[in-house]
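The next block holds one structure in the form of structure tokens; read it before the comments.
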Number of protein chains: 2
Amino acid sequence: MKLRDEYTCPLELIHDMIKGKWKPIILWRLRLGATSLSKLENDIDGITQKMLLEHLKELIDYGFVDKKTFSGYPLHVEYFLTEDMGNQILEALRIMQHIGIEYLRKNGMENELTEKHVIPD
Amino acid sequence: MKLRDEYTCPLELIHDMIKGKWKPIILWRLRLGATSLSKLENDIDGITQKMLLEHLKELIDYGFVDKKTFSGYPLHVEYFLTEDMGNQILEALRIMQHIGIEYLRKNGMENELTEKHVIPD
DNA sequence: CTGGATCCCGAATGATACTG
DNA sequence: CAGTATCATTCGGGATCCAG
């Protein structure tokens, strides 16, 4: 998931930073608070540890996510959204979530909606 | 750019609908008003007519964009954002644009910013 | 030993060039 | 413009390595 050398506008840059099969859902899950790699792996259906690590690494590089390593036993690492970029991008994702829910409603797919889709205030 | 059969949450669905190298910038350009294929091709740096058509077709299928054909001479077609989904997704893109501009500022790349990047009120 | 992180490689998908 | 070929990128499996 390399960034381009040149972008026509900043919007494209950010879009590239959060694109990929798993990035949006990782960020979305992270809105609920800091958590460990293994918890993320459990919460995000279908993802493998490897994909998770790859995408987390990029999100960290770009500044949306940060991690804290607790030394001791057992080894523990926590991933969380950054104050600035992390929380800002959440706003954009919230809008997308909203559009998505409306879209499913209009197309008679409300049944696809479960509790885990609901936007918390 | 196929959609998946299943999504964990609506957000992912929408993200998939606007992913692709050219879709964000097409929507972004369309915020300025309805326009023709050739004008879009001119305004969007580096895009080919083929890519433009392919991506516009998808955006129309999903409901972000619509087109109106004016019969008569010369034949004229206009593409524009839909009232509902088109304008809603713009809000998300505006946030990304905002984050992108800040990002470039912080990293001393203000020079990358030209007038065409500015967000109109 | 456990949880976290990286590497290699084939398969699938996207972007672009080329052609009629 | 549509169809196809080609090239680049991403996805995902599995082995492997590192650190407490």
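Naming convention: chains lettered A, B, ... in sequence-line order (proteins, then strands); numbering from 1 in each chain. Just so it is clear, the model here is predicted, and its values are computed rather than measured.
Neither OP1 nor OP2 of dC1(D) sits under 4.0 Å from any side-chain N or O of K57(B). Dashed line: the shortest gap from a side-chain N or O of W22(A) to OP1 or OP2 of dC11(D) is not under 4.0 Å. Between dT2(C) and H76(A), no contact under 4.0 Å exists linking OP1 or OP2 to a side-chain N or O. Look at K21(A) and you'll find a side-chain N or O under 4.0 angstrom from OP1 or OP2 of dG12(D). At dA19(D), none of the side-chain N or O atoms of S71(A) fall inside 4.0 Å of OP1 or OP2 (strictly under the cut-off). Regarding contacts with the backbone of dA5(C), a side-chain N or O of Y79(A) is found under 4.0 angstrom from either OP1 or OP2.
A straight line from CG of L53(B) to C1' of dA17(C) spans 16 Å, rounded to a whole angstrom. One interatomic measurement links the two molecules: CD of Q49(A) to P of dG13(D), which rounds to 13 Å at whole-angstrom precision. Rounded to an integer number of Å, the gap from K2(B) NZ to dC11(D) C1' is 15 Å. Between the P atom of dC7(C) and the CE atom of M51(A) lies a distance of 14 Å, rounded to the nearest Å. The nearest whole Å value for the distance from the CG atom in L52(A) to the C1' atom in dG13(D) is 16 Å. For the pair I26(B) CD1 and dA15(C) C1', the interatomic distance rounds to 13 Å; values are reported in whole Å. Residue D16(A) contributes atom CG, which lies 12 Å from atom P of dT9(D) at whole-angstrom precision. The separation between L3(A) atom CG and dT9(D) atom C1' is 13 Å, rounded to whole Å.
In terms of position on DNA chain D, the residue among L37(B) and G20(A) whose nearest nucleotide sits closer to the 5' end is L37(B). With DNA chain D read from its 5' end, the first of the two nearest nucleotides for L75(A) and T48(A) is the one closest to T48(A).
Checking side-chain atoms of T82(B) against main-chain N and O of F64(B) turns up a donor-acceptor pair under 3.5 Å. No donor-acceptor pair closer than 3.5 Å links the side chain of R29(A) to the backbone N or O of I26(A). Remark: the backbone N or O of L11(B) is paired with a side-chain donor or acceptor of Q97(A) at under 3.5 angstrom.
Nucleic acid contact class of E54(A) (heavy atoms, under 4.0 Å, all strands): none.
Distances were taken from every side-chain heavy atom of V77(A) (C-beta onward) to each of dG4(C), dC11(D), dT16(C); the shortest belongs to dG4(C).
Atom NZ of K67(B) has 12 or fewer neighbouring heavy atoms from other residues, nucleotides or ligands inside a 6.0 Å radius.
If you check distances only, the side chain of K50(B) does reach the base of dG3(D) with a donor-acceptor pair under 3.5 Å.
Here the side chains of W28(B) and R94(B) are in contact, with some heavy-atom distance below 4.5 Å.
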